[in-house]
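What follows is a short report on a single structure.
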Protein chains: 2
Amino acid sequence: MTNPPLSRKRATGRCTLSDVARLAGVSAITASRALRGIRGVDAELADRVRAAAKQLNYVPDPAAQALASARSNNVAVLIPLLTNALFVELLEAVQRKLMPAGFQTLIGVTHYHPDEEEALLQSYLAHRPAGLLVTGLDRNESARNMIAESGVPCVHLMETTVAAGMYSVGLSQHDAARTLTEHLLAQGRRRIAYVAGQLDPRVLQRRSGYEAALRQAGCYDASLEILDPTPTSMALGGRLFERVLKAHPDVDAIFFCNDDLAQGGLLAALRMKVAVPGQVAIVGFNDLAGSDQMLPPLTTIRTPRAEIGTQAASMLLALIRGETVATPTVDVGFELVVRQSA
Amino acid sequence: MTNPPLSRKRATGRCTLSDVARLAGVSAITASRALRGIRGVDAELADRVRAAAKQLNYVPDPAAQALASARSNNVAVLIPLLTNALFVELLEAVQRKLMPAGFQTLIGVTHYHPDEEEALLQSYLAHRPAGLLVTGLDRNESARNMIAESGVPCVHLMETTVAAGMYSVGLSQHDAARTLTEHLLAQGRRRIAYVAGQLDPRVLQRRSGYEAALRQAGCYDASLEILDPTPTSMALGGRLFERVLKAHPDVDAIFFCNDDLAQGGLLAALRMKVAVPGQVAIVGFNDLAGSDQMLPPLTTIRTPRAEIGTQAASMLLALIRGETVATPTVDVGFELVVRQSA
DNA sequence: CTGAAAGCGCTTACAG
DNA sequence: CTGAAAGCGCTTACAG
């Protein structure tokens, strides 16, 4: 008893839609419709199909679905970095919203590199994603065109100003930084440094909010801006803190562009026995994990990234369904969190 | 001049392999072979095909490729958490290795939930991934069977002990913890607490290494083990530090199962004016960002997660190619980093 | 409400 | 070394 020749067959062995249809005693198309919950299938037949699918442990082949329907259940999400807790929390919120809706996320990390972003975009777009979530508005023309020409619904994360026909969920980095700087001014600080790493567009928007507040108060001094292109870290914050105090002993406050820098600055102050906020007030940005544990606890801006993720995902879902989105630009705001460092 | 009726057509408008083949003046199969770099295509034809593809900006349809070949260029990676920097660094290393080899990573976050892991596994396996990377060895039978039955090459991350026919890259959590505990003993510490959150298998393996060292020294005391199921964080570390000192004022060292807890403990000590290491020595585990910035800098175990990612990805690549892997279990080791907290 | 036919864009298995 | 045919597992577009 030899097996029949299989050379001609290419079946993969997995259970297919026709298997389900056969077991349910209907055609493949009816099974497909029943499983997709398309109205207009006899209720009893639909039940039989679902039961058959369950019994056979049927899982549809995503590749076949994508090929036949020219759509997929993927949503591509492009973020700059995974090593910044901000984006991780954003991502988690996005997934919590998208997964129950039946979508899978393809996560792409651009490392703030336009070329990497373009490559990821090309590769992900080839997968016919149902939607696209990208960070910020800064990208080269080629990338912008790829998005536009793909026709894939796209929501921009983190920022608010957007051109016509674009969608975004974020907050005004400028206004938040301005509010924070005004808080320092209200405490009587006048020699306020802006210390930044990882000079991405949002970091520069914060800088401009800082400048606006200081100009209005008449105490803007460009030499107090320390802009370092290195990725942010606690270690960098410590180093920059030392550098600022050495170069400008009269500084009475430091605005770190991100909480990790500020945490490093706070620890350096402790090490150097610089009184905070006595001699120097310190503020951060984003309210990351640990900032409330510092000594003294860090005054900062809380950015609602989970809400950004949730709202952006909802908006994208609406766009995917073809609905009209009434407010294409959602501003989720920010919160000044005053603790003891300033 | 009306357009010809298109109702019958389902073409998606994108440029296909036949377009490339036509432009190059060859058949689709030859074009396919040329583009895939399959030997046995006339060099001149292959050149023409590549030129045509470039000219048309041809990007192959991954869905069609997957359907026709029953394989994809996806590698699914399952990790417990994205909020633990350890896994993020692991992931980055994996991607750095896999992307240049032409593979895309599907990242799944299990949140330490067997059910979530099973659901992700089912969904990812449906995509016929070329390979699978999973964290740890602890999973229910159903998940293990899914992996085995899928026939997809799989490498286990983080741990070393593995059954026959399985592959893994990691380190002995037990031995690392034991080494660290012995360091504390060598400093003359005897009342050493083990403080843990997020009681995953690796945290428990560390506990057993800790216990082994203490038993051998004759000073194991089970009441000094504080096991809290909550996810780890600096805030939790601070709270547990207080709790330990209150309940056991005679404790002379604390082994925190993860650096974020230890960092929180260190800051709590500063707040409570408990001398470290004078009154209490503190050690962490993993050597995460910021630990070297603490006051005092944290003594800890450096776990080479980037190397785990790189090696696991290489091993997986070999398995995908069908090669025999000589050492199915790679132990990347660990490093005791003695700083000033112990 | 249901189904037979055709097709999505590739690759496999043959044949030459 | 090259190609015509068939097929991967679904869904679309028609027809009834």
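These figures come from a predicted structure and were not determined experimentally. Lettering follows sequence order; numbering is per chain, from 1. Side-chain atoms are counted along with the backbone in the values below, which use heavy atoms only and exclude waters and symmetry mates.
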A:D138 with A:R144: basic N within carboxylate O range, under 4.0 Å: no

Comparing nearest nucleotides in DNA chain C, the 5'-proximal residue of the pair A:R33, B:R36 is A:R33

Which of D:dC10, C:dC10, C:dT11 is nearest the side chain of A:P60? It is D:dC10

Between atom CZ in A:R48 and atom P in C:dT2, what is the gap in whole Å? 9 Å

The nucleotide from C:dT2, C:dG9, D:dT11 with an atom nearest the side chain of A:L45 is C:dT2

side-chain N/O A:S32 vs D:dT11 OP1/OP2, d < 4.0 Å: yes

To the side chain of B:D42, which of D:dG3, D:dC1, C:dC10 is closest? D:dC1

So, OP1 or OP2 of C:dT11: does either fall under 4.0 Å of a side-chain N or O from B:S69? no

Check the phosphate of D:dG9 against A:Q65, side-chain N and O only, distance under 4.0 Å to OP1 or OP2. Yes or no? no

Quick check on C:dT12: is either OP1 or OP2 less than 4.0 Å from any side-chain nitrogen or oxygen of B:R71? yes

Can you tell me the pairing partner of D:dC14 across any strand shown, Watson-Crick or G-U wobble, with both distances under 3.5 angstrom? C:dG3

Checking side-chain polar atoms at under 3.5 Å, does B:R22 have a donor or acceptor matched by the opposite partner on B:S18? no

Using a cut-off of less than 4.0 Å, is there contact between a side-chain N or O of A:T30 and OP1 or OP2 of C:dT2? no

In terms of side-chain heavy atoms of A:S27, which of D:dG7, D:dG3, C:dA4 is nearest? C:dA4

Atom-pair distance (CG on B:D19; C1' on C:dC8), nearest Å: 14 Å

What is the separation between atom CG on B:L35 and atom P on C:dG9, rounded to the nearest whole Å? 16 Å

Check: D:dG9 base within 3.5 Å donor-acceptor of B:R128 side chain: no

Please state how far atom CG in A:L67 lies from atom P in C:dG9, giving the value in whole angstrom units. 7 Å

Testing D:dC10, C:dT2, D:dA13 for proximity to the side chain of A:T16, the answer is D:dC10

Show, in sequence, the C-alpha distance, side-chain angles and deciding distance for B:L86 and B:L81, and conclude whether the side-chain contact (heavy atoms from CB on, under 4.5 Å) test is met. CA-CA 9 Å; B:L86 180 85; B:L81 238 42; over 6 Å; no

Let me know the distance between CG of B:L17 and C1' of C:dC8, rounded to the nearest Å. 14 Å

What is the distance from CD1 of B:I29 to C1' of D:dC1, rounded to the nearest Å? 13 Å

Taking CD1 from A:I38 and C1' from D:dA13, how many angstroms apart are they, rounded to a whole number? 13 Å

No-hydrogen, no-angle side-chain donor-acceptor test under 3.5 Å, B:S142 and B:E118: yes

Donor on one side chain, acceptor on other, A:S72 and A:Q65, under 3.5 Å: no

